[in-house]
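In what follows, a single structure is set out as structure tokens and then discussed.
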Amino acid sequence: MHHVLPQAFFDRPTVEVARDLLGKNLVRVVGRERIALPITEVEAYDGFKDKASHAHKGATARNVVMFGEAGYWYVYLVYGMHWMLNIVTGPRDYPAAILMRSAGGVIGPGRLTKHFLIDKTNNGVKSVLTEGLFIEESGIMVSPREIVKTPRIGVAYAGPVWSQKPYRFVWKRR
DNA sequence: GCAGTGATCATA
DNA sequence: ATGATCACTGCC
């Protein structure tokens with residue numbers, strides 16, 4: 001159970017990685033506390049052309065991490081109160097990341113970061129080497145039959161085409 | 001259904 | 001410097 005996902009796992013096409021993350025354990029270690037839950041809902045944000053992505057209009061102070069190497073955490077604040085947790089995917093200079101939306105019974109990206117004690121201090125940190133926050137193998141096999149694809153949530157601003165892309169993946173146990 | 005909340009970014 | 005926006009949540 002101590003198989004931390006290596007950087008190579010994340011250095012692949014974003015949508016593939018998103019699907020493969022379902023059922024893997026999101027792990028947080030703070031002091032003596034260890035929180036680990038299987039990932040159940042994610043969303044892919046894929047490249048410059050993706051109008052729903054922060055990276056669509058180019059690099060800014062906030063989104064630079066998305067332009068870096070795979071396997072780094074991209075954490076930002078929305079609506080002045082909710083931290084969003086993403087993992088960067090694909091090669092350097094290709095901006096892509098996956099939003100962690102739910103794990104175990106913790107539903108919703110803002111609730112997830114609250115539960116896992118995540119904030120801006122996790123931004124820009126490499127997931128594979130850090131003791132504090134990483135993803136590991138769970139041993140759970142997720143069958144393709146258990147994966148539901150839908151459009152992403154809360155991205156109407158991206159227009160009819162990009163807001164409808166089936167880049168959200170939910171693991172429904174059967 | 002909609003207010004809360006504040007960083008971020010474009011515009012100037 | 002200012003104002004609109006926001007990969008959301010919780011309470012009405």
Side-chain angles (χ1 to χ4, degrees), chain A residues 5 9-24 26 28 35 37-127 133-135 147-172:
Chain A
L5 299 185
F9 180 93
F10 302 103
D11 191 5
R12 296 184 293 142
T14 312
V15 169
E16 266 179 46
V17 179
R19 245 186 354 238
D20 293 350
L21 278 176
L22 296 175
K24 301 289 189 293
L26 178 62
R28 182 79 171 117
I35 309 161
L37 291 172
I39 295 166
T40 54
E41 181 189 2
V42 295
E43 282 177 0
Y45 288 84
D46 188 20
F48 306 93
K49 60 186 187 306
D50 182 354
K51 290 189 177 177
S53 171
H54 287 167
H56 176 240
K57 292 174 184 167
T60 66
R62 177 176 67 167
N63 69 18
V64 265
V65 183
M66 289 185 76
F67 290 76
E69 286 173 37
Y72 284 72
W73 297 111
Y74 170 43
V75 180
Y76 66 91
L77 190 67
V78 272
Y79 295 105
M81 35 187 146
H82 309 296
W83 295 104
M84 299 289 105
L85 175 65
N86 301 253
I87 188 92
V88 174
T89 58
R92 173 171 285 287
D93 294 328
Y94 183 83
I98 296 163
L99 173 66
M100 309 286 150
R101 295 191 59 94
S102 305
V106 184
I107 316 283
R111 292 177 189 148
L112 183 107
T113 53
K114 191 175 177 191
H115 184 86
F116 280 83
L117 310 172
I118 285 153
D119 62 22
K120 65 181 173 202
T121 62
N122 297 283
N123 187 46
V125 175
K126 192 172 186 173
S127 71
L133 182 63
F134 54 88
I135 302 172
I147 299 176
V148 177
K149 280 196 296 189
T150 82
R152 293 168 290 185
I153 306 295
V155 296
Y157 60 84
V161 175
W162 287 95
S163 67
Q164 288 310 116
K165 292 276 182 188
Y167 284 179
R168 173 171 173 257
F169 298 90
V170 186
W171 175 29
K172 306 272 190 196

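Small disclaimer: the values here were computed from a predicted structure and weren't measured. Letters A, B, ... are given to chains in the order of the sequence lines, protein chains preceding strands, and every chain is numbered from 1. The analysis underlying the following values was restricted to heavy atoms, covering all of them including side chains, and did not include hydrogens, waters or symmetry mates.
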*Between A/T89 and A/E16, is any pair of side-chain heavy atoms under 4.5 Å apart?*
no
*Is the closest side-chain heavy-atom distance between A/I35 and A/L26 below 4.5 Å?*
no
Can you find a side chain N or O atom of [X] that sits less than 4.0 Å from OP1 or OP2 on [N]?
X: A/R101; N: C/dC8; result: yes
X: A/Y157; N: C/dA7; result: yes
X: A/H54; N: C/dA7; result: yes

Find the distance [X]:[atom1] to [N]:[atom2] and express it as a whole number of Å.
X: A/M66; N: B/dC9; atom1: CE; atom2: P; result: 13 Å
X: A/I98; N: C/dA7; atom1: CD1; atom2: P; result: 17 Å
X: A/K57; N: C/dC6; atom1: NZ; atom2: C1'; result: 11 Å
X: A/D50; N: C/dA7; atom1: CG; atom2: C1'; result: 10 Å
X: A/H82; N: B/dG6; atom1: NE2; atom2: P; result: 12 Å
X: A/M84; N: B/dG6; atom1: CE; atom2: C1'; result: 14 Å
X: A/D46; N: C/dA7; atom1: CG; atom2: P; result: 17 Å
X: A/Y45; N: C/dC6; atom1: OH; atom2: P; result: 12 Å

*For atom NZ of A/K120, is the number of surrounding heavy atoms from other residues, nucleotides or ligands below 6.0 Å larger than 12?*
no
*Which nucleotides of DNA chain B pair, in dot-bracket form (Watson-Crick or G-U under 3.5 Å, | meaning another strand)*: ||||.||||||.
*Identify, between A/V155 and A/K114, the residue whose nearest nucleotide on DNA chain C lies closer to the 5' end.*
A/V155
_Sugar-phosphate, base or nothing in reach of A/R152, heavy atoms under 4.0 Å_ = nothing
*Which part of the nucleic acid, if any, lies within reach of A/M81 when heavy atoms closer than 4.0 Å are counted: base, sugar-phosphate only, or nothing?*
base
Minimum heavy-atom distance [X]-[Y], with the two atoms named:
X: A/T14; Y: A/A96; value: OG1-CB, 3.1 Å
X: A/G110; Y: A/M84; value: N-CE, 3.6 Å
X: A/V170; Y: A/L22; value: C-CD1, 4.1 Å

*Should A/D20 and A/R12 count as an ion pair when the cut-off is N to O under 4.0 Å?*
yes
*asked:* Does A/D46 form a side-chain hydrogen bond (donor to acceptor under 3.5 Å, both in side chains) with A/Y94? I'd like the steps, not just the answer.
replied: CA-CA 9 Å; A/D46 188 20; A/Y94 183 83; 2.8 Å; yes
*If you take atom types as modelled and just measure distance, does the side chain of A/Y76 reach the base of C/dA7 with a donor-acceptor pair under 3.5 Å?*
yes
Among [options], find the nucleotide with the atom closest to the side chain of [X].
X: A/A61; options: C/dA7, B/dC9, C/dT9; answer: B/dC9
X: A/L77; options: C/dC8, C/dA7, B/dA7; answer: B/dA7
X: A/R111; options: B/dA7, C/dG10, C/dA7; answer: C/dG10

